[in-house]
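Shown next, in structure tokens, is the structure this report addresses.
We're numbering straight along the sequence, starting at 1. When reading the values below, keep in mind they use all heavy atoms of this one structure, side chains included, and skip hydrogens, waters and symmetry mates.
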Amino acid sequence: MSEKTVFSRGSFFHGTKADLEIGDFILTGKKKNYNDDRKSEYVYFAGTLDAAIWGAEQPLKIVAEVTRWEGHSPEMRNAMTENLKKLSEKGIKAID
């Protein structure tokens with residue numbers, strides 16, 4: 001399955017390390033996926049799998065799971081990490 005795969009209209013995706021099951025809810029107030037102890041004030045979701053892979057506001061009900069996906073290339077991950085580092089050095093927590 002490619003990150004460019006088109007899913008049904010109205011599909012949303014959420015990137016997470018959490019072990020979620022169909023029927024679970026994604027809620028605010030949980031520890032973030034990232035390297036700090038802050039709790040999430042928002043639920044991030046996206047209309048494309050590509051955006052969700054980067055780390056996907058309202059509770060969302062899980063209705064299905066994408067079990068096969070391709071991650072970003074090492075070059076793309078490094079570029080994103082460098083951009084986030086630059087923003088962090090400026091005091092910007094980009095994921096918020």
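- The side-chain contact (heavy atoms from CB on, under 4.5 Å) search around Glu65 returns Thr67, not counting sequence neighbours.
- Ser88 places no side-chain N or O within donor-acceptor distance of the main-chain N or O of Leu84, the cut-off being under 3.5 Å.
- When the side-chain contact (heavy atoms from CB on, under 4.5 Å) test is applied to Lys90, the partners found at least two apart in sequence or on another chain are Ile92.
- For the side chain to side chain contact (heavy atoms under 4.5 Å, CB included) test with His72, the passing option among Glu70, Met76, Glu75 is Met76; the others fail.
- Heavy atoms only, all atoms of each residue included: Glu21 and Asp19 are closest at OE2-OD1, 3.9 Å.
- Between the side chain of Asp24 and the main chain of Leu20, no donor-acceptor pair closer than 3.5 Å is present.
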